[in-house]
Each structure stands twice: as C-alpha cells, then as structure tokens.
Amino acid sequence: MAVLLIAEDDEDIAAVIARVCKRAGLTVLRAPDGQVALEMIIKERPDVLLTDLGMPRMDGWELIRAVRAHDGVRDTPVAILTGQLTPGDPRVAEAHACAILMKPCPNDQLLLMIEKLATVGPHGHSGAESRCPVRNPVTV
Ligand SMILES: [Zn+2]
C-alpha cells in the first residue's frame with residue numbers, strides 16, 4: 001500500500017485530502033509545515049509527497065529543494081498543491097516537482113495524480129538526468 005505524506009498548514013484542507021486518500025486505500029501521513037515534513041520524509045520514506053507552498057517555518061519551495069538535496073529521499077515523487085501561484089513564477093522550473101495542482105483540485109484529479117506518482121515510484125529529477133515520466137504540463 002502506498003504511503004502519502006501531505007504537507008499542509010491548513011488543517012481543514014489536510015483533513016479533507018487525507019479522508020479522500022484513505023478511502024482510496026492510501027496510507028496517509030500529515031505534516032503541518034515544511035520542517036516537520038522533511039523530518040518525516042527522511043524517517044518514514046513516503047512513496048509520494050503532496051505539498052502546499054505557503055507554510056510556516058519552511059515553505060513548499062524550500063521543502064522540495066531540501067528533499068532533492070537529501071541522499072536517500074531525493075528521488076521521491078513530489079506534487080505541489082497550491083492556491084497561490086503567479087503565472088511565470090521562475091521557481092516552478094527550479095522546483096523539480098512532478099506535478100502542480102491548483103486548489104481547489106477535484107478529488108478524482110488529485111487521486112489520479114497521486115496514484116500515478118505512486119505507481120511510477122522514485123525517479124531522478126536533477127537537471128539533465130531528469131527522468132520524470134509524469135511532468136504534467138506546467139502551464140502557469
Ligand atoms: Zn517526477
């Protein structure tokens with residue numbers, strides 16, 4: 001069974017996503033900020049990370065950067081779920097995320113992406129050796 005880590009500071013949103021994903025058979029872990037999420041990723045090795053961008057202590061951008069720089073977990077599939085992304089934000093290209101989903105994201109679309117990432121499994125994401133088979137068109 002795939003393990004999903006949700007990094008989300010909004011308790012209500014995290015609860016809704018967790019419920020949907022558990023119902024679909026996923027094991028769900030939750031972190032209220034990027035710092036806790038990073039510690040959990042290193043300790044629990046989730047199959048997929050779903051992260052918000054705006055979070056206290058460590059935001060989503062910093063979290064993804066830290067994961068990609070950390071041996072052993074750097075190849076974790078990552079999806080961003082955000083309500084605040086400006087078109088043309090240069091951080092999107094640098095983030096090495098597999099997918100970006102915009103809030104509010106329909107449950108079926110969210111689940112589909114998470115299951116896709118869990119099926120794909122760990123894969124390289126750094127520069128020229130990026131082998132991301134998901135890479136949803138980041139059109140923002
Ligand atoms: Zn990827």
Side-chain angles (χ1 to χ4, degrees):
M1 192 188 291
V3 178
L4 168 72
L5 173 63
I6 302 169
E8 168 66 73
D9 61 325
D10 187 313
E11 182 70 21
D12 295 336
I13 293 175
V16 170
I17 297 171
R19 198 180 318 130
V20 169
C21 292
K22 279 180 191 162
R23 208 182 293 146
L26 293 159
T27 299
V28 178
L29 307 171
R30 281 163 60 177
D33 64 57
Q35 186 66 50
V36 173
L38 181 60
E39 287 161 17
M40 288 179 84
I41 289 165
I42 292 166
K43 191 160 163 267
E44 309 284 347
R45 308 286 172 111
D47 297 294
V48 179
L49 166 64
L50 178 70
T51 183
D52 188 14
L53 288 177
M55 292 185 290
R57 299 218 291 166
M58 181 189 271
D59 69 19
W61 301 117
E62 292 170 309
L63 172 61
I64 297 170
R65 207 175 305 133
V67 168
R68 294 293 182 232
H70 198 286
D71 282 336
V73 298
R74 69 169 76 240
D75 292 341
T76 306
V78 177
I80 293 171
L81 178 64
T82 182
Q84 43 180 20
L85 201 56
T86 317
D89 191 322
R91 290 175 296 186
V92 170
E94 296 159 13
H96 301 303
C98 302
I100 296 184
L101 303 166
M102 298 302 291
K103 291 175 185 171
C105 182
N107 290 343
D108 56 345
Q109 199 181 320
L110 182 71
L111 266 181
L112 209 66
M113 181 53 77
I114 291 167
E115 282 167 355
K116 193 172 178 182
L117 292 174
T119 304
V120 166
H123 56 276
H125 249 279
S126 44
E129 60 181 272
S130 176
R131 294 174 279 116
C132 187
V134 182
R135 211 83 171 119
N136 76 333
V138 181
T139 50
V140 286

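Reckoned from all heavy atoms, side chains included, excluding hydrogens, waters and symmetry mates. Indexing begins at 1, ligand by ligand and atom by atom, following the structure's order.
The minimum heavy-atom distance linking Leu26 with Met1 is given by the pair C-SD, 4.1 Å.
Look at Arg57 and Glu62 and you find no salt bridge, because none of the NZ, NE, NH1 or NH2 atoms lies under 4.0 Å from a carboxylate O.
For the pair NE2 of His125 and NE2 of His123, the angle whose vertex sits at the Zn ion (ligand 1) is 110° to 10 degrees. Seen from the Zn ion (ligand 1), atom SG of Cys98 and atom SG of Cys132 lie 120° apart in angle, a value rounded to 10°.
Put simply, the residue from Leu5, Leu117, Val78, Thr76 that forms a side-chain contact (heavy atoms from CB on, under 4.5 Å) with Val48 is Leu117. Of the residues listed (Thr82, Asp52, Asp10), the one engaging Lys103 in a side-chain hydrogen bond (donor to acceptor under 3.5 Å, both in side chains) is Asp52, and it is the only one.
Residue side and main chain included, His96 places no N/O/S atom under 2.8 Å of the Zn ion (ligand 1).
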